[in-house]
Number of protein chains: 2
Amino acid sequence: MRQLFILRIMMRSAEFNREQVLRAAIKAFMVKGYTKTSMQDLKQATGLHPGSIYCAFENKQGLLLAAIEQYNKDKADEFKQYFDNQSSVLTGLKHYLEDTVTACTQGGTEKVCLSQKALNELAQQEPLVEQYISNNMLDWQQGFVDMFAKAQQLGELNNARSPLQRAQSLVMGIYGLRSYAHTHPESETMCYLANQLFEDVCR
Amino acid sequence: MRQLFILRIMMRSAEFNREQVLRAAIKAFMVKGYTKTSMQDLKQATGLHPGSIYCAFENKQGLLLAAIEQYNKDKADEFKQYFDNQSSVLTGLKHYLEDTVTACTQGGTEKVCLSQKALNELAQQEPLVEQYISNNMLDWQQGFVDMFAKAQQLGELNNARSPLQRAQSLVMGIYGLRSYAHTHPESETMCYLANQLFEDVCR
DNA sequence: ATAGTTCTTGAATGATCATTCAAAAATAGT
DNA sequence: ACTATTTTTGAATGATCATTCAAGAACTAT
């Protein structure tokens with residue numbers, strides 16, 4: 001009787017590790033794409049039963065959005081390591097491009113970019129996802145804008161093109177690199193293309 | 001009785017127009033992608049009943065392959081118009097890039113490239129499709145190789161880079177352009193990127 | 001017109017899909 | 001230990017999927 005008036009919060013905390021689950025989902029979506037990844041695939045990949053997934057992420061699309069959020073967070077942390085505490089900004093960019101080539105040349109899960117793959121699949125189909133990814137990609141591009149601005153301040157670049165223009169060309173180039181990798185070129189060709197992109201963007 | 005020995009070929013010709021059907025399938029696949037395009041969608045788009053589709057193309061994947069074949073044929077014809085009977089090869093390339101930008105900037109069916117979209121969706125999943133598209137893309141690239149070789153012969157380009165290297169950079173750049181368009185940049189930005197690509201590839 | 005053959009039709013099939021939900025297990029406060 | 005609450009479980013649901021196939025329509029040659 002007394003307990004009817006005393007409402008305390010008694011929560012049982014969820015048992016799964018959110019980041020771990022999301023990274024498993026990221027892998028699954030990267031390999032099969034959004035549509036072809038079934039809830040059964042996701043159950044197997046994440047170890048979560050359907051009910052838990054729906055409880056935590058609303059539905060399959062919610063899980064995708066959460067996965068993309070985690071993916072961008074991870075990539076942003078990675079990004080910082082290339083350009084923070086680096087005397088030469090352009091050296092950081094060079095390494096960034098080299099590692100990108102390595103990633104999409106070696107046959108692994110990380111061959112593709114989740115954002116690019118999902119955007120390509122769901123643009124014109126799922127406006128919510130489309131908008132979300134587009135915004136994230138603008139954030140990513142802004143990182144390059146800041147990097148190029150810093151490079152100009154340090155005298156590593158001339159003022160022939162604005163940081164924004166260089167960043168746009170670079171982002172476009174990286175999209176192209178990743179797409180080109182799908183046609184199975186030799187690693188040598190990929191290195192050449194990445195190097196050429198670097199030179200064009202820094203000219 | 002006599003007719004048992006006289007075997008003549010009596011064929012009823014199929015009623016549908018193959019090219020028309022394939023172009024309808026191309027549109028459908030470009031909008032929804034391969035997986036999300038159901039046989040019901042294809043029935044509606046092509047006007048063919050399931051049985052006829054299976055009779056003509058074996059299955060859904062067969063229809064995709066036939067559609068990609070038609071798409072590449074159409075694109076190859078289109079390609080020729082830019083570079084045949086043209087005094088300046090590079091002017092042809094400029095127009096080609098301008099029209100590509102127009103296509104993916106304007107909101108229409110032709111916003112995407114069927115080959116690029118299908119390759120992005122089915123790479124790592126459908127080796128047969130993957131191989132088929134990769135080969136077609138090499139043919140497309142070879143067209144650019146020949147174009148750059150001709151431009152060098154005409155003195156429109158220096159020998160700083162080989163025709164193959166230029167063609168690879170160009171193909172990569174076009175992949176990038178089309179991907180970049182998915183993030184909804186202003187038409188102005190797309191024009192700038194295409195122009196920059198042109199300059200980089202012809203430098 | 002008739003017979004032989006091919007093409008078209010579209011309902012039926014069985015598989016797989018995303019999603020739901022009631023019951024069971026687990027947690028926290030008393 | 002007991003009650004209140006939440007999470008986990010996984011079978012059930014209804015929709016949709018690619019594919020099949022038997023029956024009907026259409027064509028060709030006689």
Side-chain angles (χ1 to χ4, degrees), chain A residues 1-22 24-25 28-29 31-67 118 121-122 125-126 128-129, chain B residues 1-22 24-25 28-29 31-67 118 121-122 125-126 128-129:
Chain A
M1 206 52 157
R2 191 162 52 96
Q3 285 161 12
L4 284 174
F5 299 94
I6 304 171
L7 297 173
R8 303 257 180 111
I9 297 165
M10 288 179 275
M11 291 201 301
R12 174 187 171 198
S13 57
E15 284 182 357
F16 64 87
N17 179 316
R18 196 171 201 269
E19 287 193 12
Q20 193 174 311
V21 162
L22 288 178
F29 285 135
V31 172
K32 286 200 169 189
Y34 175 70
T35 305
K36 267 243 171 178
T37 302
S38 66
M39 287 304 296
Q40 201 164 313
D41 292 332
L42 291 168
K43 177 192 163 186
Q44 188 153 27
T46 63
L48 255 52
H49 291 251
S52 298
I53 293 178
Y54 278 79
C55 178
F57 304 104
E58 183 92 12
N59 52 27
K60 191 184 167 188
Q61 182 171 300
L63 177 57
L64 175 70
L65 290 175
E121 180 182 345
L122 301 175
Q125 286 293 121
E126 298 284 345
L128 210 93
V129 181
Chain B
M1 207 53 158
R2 191 164 50 101
Q3 285 163 11
L4 284 174
F5 297 96
I6 304 172
L7 298 174
R8 302 257 178 110
I9 297 165
M10 288 179 276
M11 290 204 302
R12 175 186 171 197
S13 58
E15 285 182 358
F16 64 86
N17 179 316
R18 197 170 200 269
E19 287 192 10
Q20 194 175 312
V21 162
L22 287 178
F29 284 136
V31 173
K32 285 200 170 190
Y34 175 70
T35 305
K36 267 243 170 177
T37 302
S38 67
M39 287 304 297
Q40 201 163 313
D41 292 332
L42 290 168
K43 176 191 164 188
Q44 187 153 28
T46 62
L48 255 53
H49 291 250
S52 298
I53 293 178
Y54 278 79
C55 178
F57 305 103
E58 183 94 9
N59 52 27
K60 191 184 168 188
Q61 182 172 299
L63 177 57
L64 175 71
L65 290 174
E121 180 181 345
L122 300 174
Q125 286 293 121
E126 299 284 344
L128 210 92
V129 181

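Scope of the values below: all heavy atoms of this structure, side chains included, with no hydrogens, waters or symmetry mates. No experiment lies behind these values; they were computed from the predicted model shown. Numbered from 1 within each chain, the chains take letters A, B, ... in sequence-line order.
A/Leu42 places its CG atom 13 Å from the C1' atom of C/dT19, with the value rounded to the nearest Å. The nearest whole Å value for the distance from the CD1 atom in A/Ile53 to the C1' atom in D/dT9 is 12 Å. At whole-Å resolution of the value, CZ in A/Arg18 and P in D/dT8 are 13 Å apart. One interatomic measurement links the two molecules: CG of A/Leu48 to C1' of D/dG10, which rounds to 13 Å at whole-angstrom precision.
By the neighbour-count criterion of 12 heavy atoms within 6.0 Å, atom CD of B/Gln40 is sparsely surrounded, having that number or fewer from other residues, nucleotides or ligands. Other residues, nucleotides and ligands place no more than 12 heavy atoms under 6.0 Å from the CD atom of A/Gln44.
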Report all interatomic pairs (protein N or O, nucleotide N or O of nucleotides 14-18 of chain C) with separations under 3.5 Å.
from	atom 1	to	atom 2	distance (Å)
C/dA18	OP1	A/Thr37	O	3.3
C/dA18	OP1	A/Lys60	NZ	2.8
C/dA18	OP2	A/Met39	N	2.6

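In this structure, A/His49 does not reach the D/dT8 phosphate: none of its side-chain N or O atoms is under 4.0 Å from OP1 or OP2.
Considering every non-hydrogen atom in both B/Asn59 and B/Tyr54, the closest pair reads CA-CE2, 3.6 Å.
Among residues at least two apart or in separate chains, salt bridge (charged side-chain N to carboxylate O under 4.0 Å, His left out) pairs with a member in residues 41-54 of chain A are A/Lys32-A/Asp41.
For the pair B/Thr37 (side chain) and B/Gly33 (backbone), a donor-acceptor distance under 3.5 Å is present.
Taking A/Lys60 as the reference, nothing meets the salt bridge (charged side-chain N to carboxylate O under 4.0 Å, His left out) condition, with sequence neighbours excluded.
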